[in-house]
Student: 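Before I ask anything, let me first share the structure, which is written out below as structure tokens.
To find a chain, count down the sequence lines: A is the first, B the second, and so on, and within it residues start at 1. Being a predicted model, the structure only gives us computed values, none of them experimental.
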There are 2 protein chains.
Amino acid sequence: MKQIAAELGVSVTTVSKVLNKAPDIGDVTRARVLAYIADHGYRPNAVARSLTLSRTSTIGVVIPDLMHSFFVEILAAMDAVVAPKGYRLLLCASSENAEKERSELEALAERRVDGLVVAPAHATDNEDHLATMMKRGVALVMMDRDDHPAIACHRVLTDDRQVGRLATEHLIALGHTRLGHIAGPAIIHARRRYEGYRDALSAHGLAFDDSLVAEGTFLQADGEAAMRVLLQRSPRPSAVFVANDPMAIGAMKAVWDAGLRIPEDIAIVGAGNIIHGDMLRVPLTTVTWSRHEMGTRAAELLLQQLADPTTPPSRVIVEPHLLVRASCGAGQG
Amino acid sequence: MKQIAAELGVSVTTVSKVLNKAPDIGDVTRARVLAYIADHGYRPNAVARSLTLSRTSTIGVVIPDLMHSFFVEILAAMDAVVAPKGYRLLLCASSENAEKERSELEALAERRVDGLVVAPAHATDNEDHLATMMKRGVALVMMDRDDHPAIACHRVLTDDRQVGRLATEHLIALGHTRLGHIAGPAIIHARRRYEGYRDALSAHGLAFDDSLVAEGTFLQADGEAAMRVLLQRSPRPSAVFVANDPMAIGAMKAVWDAGLRIPEDIAIVGAGNIIHGDMLRVPLTTVTWSRHEMGTRAAELLLQQLADPTTPPSRVIVEPHLLVRASCGAGQG
DNA sequence: ATGAAAGCGCTAACAA
DNA sequence: TTGTTAGCGCTTTCAT
């Protein structure tokens with residue numbers, strides 16, 4: 001393409017300089033080049049540019065669930081800080097599946113993204129990839145999830161144990177004593193929510209009953225299946241803390257399919273404040289924290305790391321709080 | 001990197017051939033190379049590869065609303081057909097904004113995507129870009145929206161006029177006579193839904209009342225604002241066809257905020273079958289069509305176009321049908 | 001103020 | 001079966 005631009009009788013170097021706003025270019029030449037570009041509709045080739053610069057101005061983002069508004073909101077916040085700096089986001093979904101995640105990470109590695117924001121789908125898998133990418137100089141931020149302790153990267157998280165506590169204590173305050181939990185998969189993030197649940201139980205002298213805990217992968221379908229299991233227990237729990245909102249919605253479905261009512265027969269509290277959670281048949285009480293802050297902080301850390309790769313890893317915690325709606329019953333207890 | 005692989009005393013060509021599974025390579029050499037790659041964790045540089053091949057194996061996707069499950073479901077379907085062929089999707093959101101769309105299209109052009117799937121946000125803007133990209137040999141599929149008639153590309157659509165008819169006739173069958181419409185923006189797709197609404201009106205001898213039509217951009221917030229406008233009319237409409245589900249949800253919010261009931265005071269029908277539409281406080285009656293089929297067909301057409309750029313443009317229509325839930329009241333009327 | 005030359009990591013003829 | 005050579009489109013010293 002620049003060949004063609006050399007039709008103006010200038011060198012490719014000159015054109016390149018014009019495009020990069022180099023100062024050492026004559027005004028007339030610059031004008032000529034700009035004019036030519038304007039009406040011939042030339043677009044620089046980012047691929048070639050990336051190759052020479054060994055920099056793609058692209059940030060890979062790997063999230064576990066594209067259908068969950070939580071991650072999409074974070075994404076939007078990241079994009080807002082990163083786009084003005086000339087970076088683009090390359091979005092990948094792992095579907096809470098370590099293998100899919102691996103293949104996405106490999107693709108991102110081959111594409112030579114400058115940075116990476118990931119909410120890992122698994123506690124141990126793919127750690128090699130993450131480590132390799134860091135070693136290669138790819139800036140890494142771990143987002144929402146806190147596994148892979150050996151990876152020394154920035155982390156933007158919420159206080160998951162507190163999430164579990166807030167949710168469970170709300171239920172307890174409402175007078176429930178037979179409390180179930182639908183847990184997430186075997187990652188530390190889910191584990192902490194579970195621990196928060198147990199914290200609250202023991203803080204209030206309630207016995208822990210193993211049979212009242214079911215497990216899912218954080219996806220809606222699993223929440224439904226898990227709730228069906230809990231409904232088999234007798235006596236069944238009168239209230240359930242579900243580890244995230246998509247599963248909570250699945251759980252609600254299971255409750256209604258069983259002909260029971262929320263919250264009269266069973267109270268439900270989720271986490272993550274999914275979109276339209278306030279518009280549901282029974283508005284979902286949930287624990288929430290700022291997606292905007294998570295996305296913004298993650299993006300800022302990423303950019304900082306890109307600017308100065310020696311920045312020591314930091315750990316930012318976005319505080320959660322309870323959002324009371326209708327799915328646990330009337331008042332604040 | 002291949003320099004380093006030439007540590008094995010072979011040429012880069014040889015390594016390249018191994019990676020591309022060329023047949024003319026000795027078994028022992030192949031094995032040695034593969035072994036080296038395996039334990040040195042080498043990843044080919046897709047940027048360089050793209051440069052030589054002038055092919056990125058990337059398909060750009062521009063959708064208007066990342067928070068709308070409709071598009072995300074289509075995306076998932078596309079990914080499922082395209083990924084096994086070695087293509088990756090590069091996702092961009094226009095937020096129903098022509099300027100944002102323009103900047104995303106420019107970025108995709110610079111990145112030299114091989115193909116493009118777009119649901120255009122505007123009837124005329126950015127047509128130059130689309131045309132230029134086609135001229136450059138980028139395979140283009142227009143998805144869900146049918147503007148830019150001058151662009152001769154594949155199109156995967158639903159029958160939008162029929163969408164409007166189905167929705168409106170449902171309302172009429174239920175006995176409503178004062179029918180409002182919350183329309184989408186000035187694109188043909190929205191216009192057709194509006195025409196379907198008018199078709200149904202006149203087919204049943206109902207007068208069209210201009211004051212009962214409000215307009216939004218397809219985003220939820222606009223649906224809410226538009227419904228507030230319609231509620232000012234007196235008498236207000238007893239039923240409203242909203243051009244898509246996100247706006248329908250916004251509209252529901254406005255109705256409830258005004259202290260009215262759905263469907264008793266006002267019936268609502270949407271279009272697009274948004275996720276959790278069945279779980280809303282009042283389950284949303286909507287017109288639906290297969291996102292899976294749309295995504296699959298779009299992806300297949302894209303691949304075909306990539307394989308044979310001379311393929312004449314085709315036009316596939318995915319038929320819509322009514323999905324009755326509760327937001328318009330009891331029975332089938 | 002402008003340009004020549006080298007090189008980013010890869011693939012594709014074409015030779016050997 | 002393997003290697004040599006020549007680019008892909010760009011940026012970047014370093015001369016001029």
Student: Hey, is A:E96 close enough to A:R145 for a salt bridge, meaning N to O under 4.0 Å?
Tutor: yes
Student: Give the rounded distance in Å between these two atoms: NZ of B:K17 and C1' of C:dC10.
Tutor: 14 Å
Student: Between P on C:dG9 and CG on B:N20, what's the gap in Å once rounded to a whole number?
Tutor: 17 Å
Student: Report the distance from atom CG of A:L19 to atom C1' of D:dG9, rounded to the nearest whole Å.
Tutor: 12 Å
Student: Starting from the 5' end of DNA chain D, give me the residue, B:V10 or B:L53, whose nearest nucleotide shows up first.
Tutor: B:V10
Student: Could you check how far CD1 of A:I25 sits from C1' of D:dT12, rounded to whole Å?
Tutor: 13 Å
Student: Please work out if A:D24 contacts a base, only the sugar-phosphate, or nothing of the nucleic acid, heavy-atom cut-off 4.0 Å.
Tutor: base
Student: Which sits closer to the 5' end of DNA chain C, A:D27 or B:R49, going by the nucleotide each is nearest to?
Tutor: A:D27
Student: For A:E110 and C:dT11, give me the distance from atom CD to atom C1', rounded to whole Å.
Tutor: 15 Å
Student: Under 4.0 angstrom, heavy atoms only, what part of the nucleic acid is A:L51 near: base, sugar-phosphate, or nothing?
Tutor: base
Student: Hey, does B:S54 reach any base, or is it just sugar-phosphate, or nothing, if we go heavy atoms under 4.0 Å?
Tutor: nothing
Student: Taking CZ from A:R55 and P from C:dG7, how many angstroms apart are they, rounded to a whole number?
Tutor: 21 Å
Student: For A:S50, answer base if it contacts any base atom (sugar-phosphate contacts may also be present), sugar-phosphate if it contacts only those atoms, and nothing otherwise; contact means non-hydrogen atoms under 4.0 Å.
Tutor: nothing
Student: Might you confirm whether atom CZ of B:R297 has over 12 heavy atoms from other residues, nucleotides or ligands at distances under 6.0 Å?
Tutor: no
Student: Without decimals, in angstroms, what is the distance between A:R43 CZ and D:dG9 C1'?
Tutor: 15 Å
